[in-house]
**Q** 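What follows is a structure written as structure tokens; I'll ask about it next.
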Number of protein chains: 2
Amino acid sequence: MRVNMGNKEIQEQRIRGYFVQATKEILKAEGLHSLSVRNIANKAGYSYATIYNYFRDVKDLVFECVKDFQEEAETFVKVQTKKSEPGIPKIKSISIAYINYFIEYPGIFELFFIEKMYNIAGKQPTIDLINTFLERLCAEEWNSMVLEKQISQKASDSAKVKLQIITTGLLLMYLHRQYPADYKQFIALAAKEIDETLDNLNLSKQSKK
Amino acid sequence: MRVNMGNKEIQEQRIRGYFVQATKEILKAEGLHSLSVRNIANKAGYSYATIYNYFRDVKDLVFECVKDFQEEAETFVKVQTKKSEPGIPKIKSISIAYINYFIEYPGIFELFFIEKMYNIAGKQPTIDLINTFLERLCAEEWNSMVLEKQISQKASDSAKVKLQIITTGLLLMYLHRQYPADYKQFIALAAKEIDETLDNLNLSKQSKK
DNA sequence: TTTGAATATTTAACAGTGTTAACTATATTT
DNA sequence: AAATATAGTTAACACTGTTAAATATTCAAA
């Protein structure tokens, strides 16, 4: 009895995984706009209505992808920032790599920041996951800087929020309003904004307030 | 003949106006999600297909509202910032008022920054209108500050871009990812970020680089 | 004023969307 | 093997945007 219950759950999770995998593939390749319950089911090898045996609705399914994409993005960022020297320089390159991940997969940016969740019930964990993602990517660096008294806890908290706001704003302006006009200009602007944000931080450490 | 051509154009513009007005009302009251070609036409007093005699598609129609909303937002901002003292303080309150307009009408934020335009052909003017809106709202203040040598042209250009990025990021995070959790926290954060952006500006004027 | 042509508007249809209920096929238990 | 519970599919509904065909309306000429 207990064993069967376990098997049942394993099988259920497996099938949920098929749908999640199909959704992820479409999201990465085509983007959010060309995602439908029918083409997800088709790719997963089931009929469209089967999805509703495993997910409350299609948004539930879509937001199940967030965790997977964050893991992917995390390794993407880690590879790209392996050689950066610790502290502020590393935080800078993490932020740039974070941005570049979403530039590579605009559909994932839309999932993370554009797609609205009505039905907030039960999705707060996912929202938190998204809102704290960049912070978590930089957490190690911030922590050791605070520990080594290179920066105050308060200043680092403030900087985390600033980075989140700036990266989100930059990505939205570029991906949805083509500002700046091309990638070269965009990434130059992004670097400039991130640099200035983090450099002003050191200044505020030297002065009193 | 010439008179009839004129009348025809007047009538055509009138009918376009009915559709635009209906779209604006739905957008302000319900938001982008509950906007459809059928309920626009219904409110305008026409059949749904009639829209296609006056607009290429529904996105064309929707983006025709941008100019009107900007005019409305401009008077909203002017009323709210009438008493601010010129210069940086006025730019701060303009930015806050700008943000508050979108908070009051999230559907208009979505139209301005979320809704994608495929069919970029012919819509570049609208994109520019959106991207330069906050800049235009503050233009007078920036100009007189540059004129009075309180700030360099370069620094003011940089600040304009920063303000655009920060306000967009703040609005997206709050409206789509409930960060911060409530309006009180949100507007406090917005004020903090705007203040710091503009205060760092003065510092960069006193120091050399 | 009545006819004929041009124009404006509507209806019908198509191909999509998400979601639910009813039906069928597959496992599981007795 | 038969009865039951579960999983999956099909059909249907109410939407969406858009186009073509049919209808109504306007307007110029006879």
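In the text below, chain A, chain B and the rest are named by the order of the sequence lines, each starting its count at 1.
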**Q** Does A:Phe55 reach a base, just sugar-phosphate, or nothing at all? Heavy atoms under 4.0 Å.
**A**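 Contact class for A:Phe55: none.
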
**Q** Starting at CG of B:Leu32 and ending at P of D:dT16, how long is that distance when rounded to a whole Å?
**A**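 Value for this atom pair: 14 Å.
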
**Q** Strictly below 4.0 Å, N to O, side chains only: are A:Lys28 and A:Glu72 in salt-bridge contact?
**A**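 Answer for the salt bridge query: yes.
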
**Q** Using modelled atom types and a 3.5 Å cut-off, is there a donor and acceptor pairing between side-chain atoms of B:Thr132 and backbone atoms of B:Glu135?
**A**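 It does not hold such a pair.
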
**Q** Round to the nearest Å and state the distance from B:Glu30 atom CD to D:dC15 atom P.
**A** 14 Å

**Q** With the sugar-phosphate defined as primed atoms, P, OP1 and OP2, and the base as all remaining atoms, what B/S/- string results for nucleotides 17-27 of chain C, 5' to 3', for protein heavy atoms under 4.0 Å?
**A** SBBBB------

**Q** Base, sugar-phosphate or nothing for A:Ile40? Non-hydrogen atoms, less than 4.0 Å.
**A**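 Contact class for A:Ile40: none.
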
**Q** State which residue, out of B:Phe69, B:Tyr98, B:Tyr101, fulfils the ring pair (Phe, Tyr, Trp, His ring centres under 6.0 Å) condition with B:Phe76.
**A**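 Going through B:Phe69, B:Tyr98, B:Tyr101 one by one, the ring pair (Phe, Tyr, Trp, His ring centres under 6.0 Å) with B:Phe76 is satisfied by B:Tyr101 alone.
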
**Q** Looking only at side-chain N and O atoms, does A:Thr50 come under 4.0 Å of OP1 or OP2 in D:dT9?
**A** yes

**Q** Salt bridge check, A:Asp60 against A:Arg16: does any charged N sit closer than 4.0 Å to a carboxylate O?
**A** no

**Q** Keeping the roles fixed (side chain from A:Gln80, backbone from A:Ala97), state whether a donor-acceptor pair exists under 3.5 Å.
**A** no

**Q** When the distance from CG of B:Asn53 to P of D:dA20 is rounded to whole Å, what number comes out?
**A**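 So the two atoms are 12 Å apart, to the nearest Å.
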
**Q** Nearest-Å distance, OH (B:Tyr46) to C1' (D:dT25)?
**A** 12 Å

**Q** Is the closest basic N to carboxylate O distance between A:Glu196 and A:Lys162 below 4.0 Å?
**A**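 A salt bridge is absent here (no side-chain N lies under 4.0 Å from a carboxylate O).
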
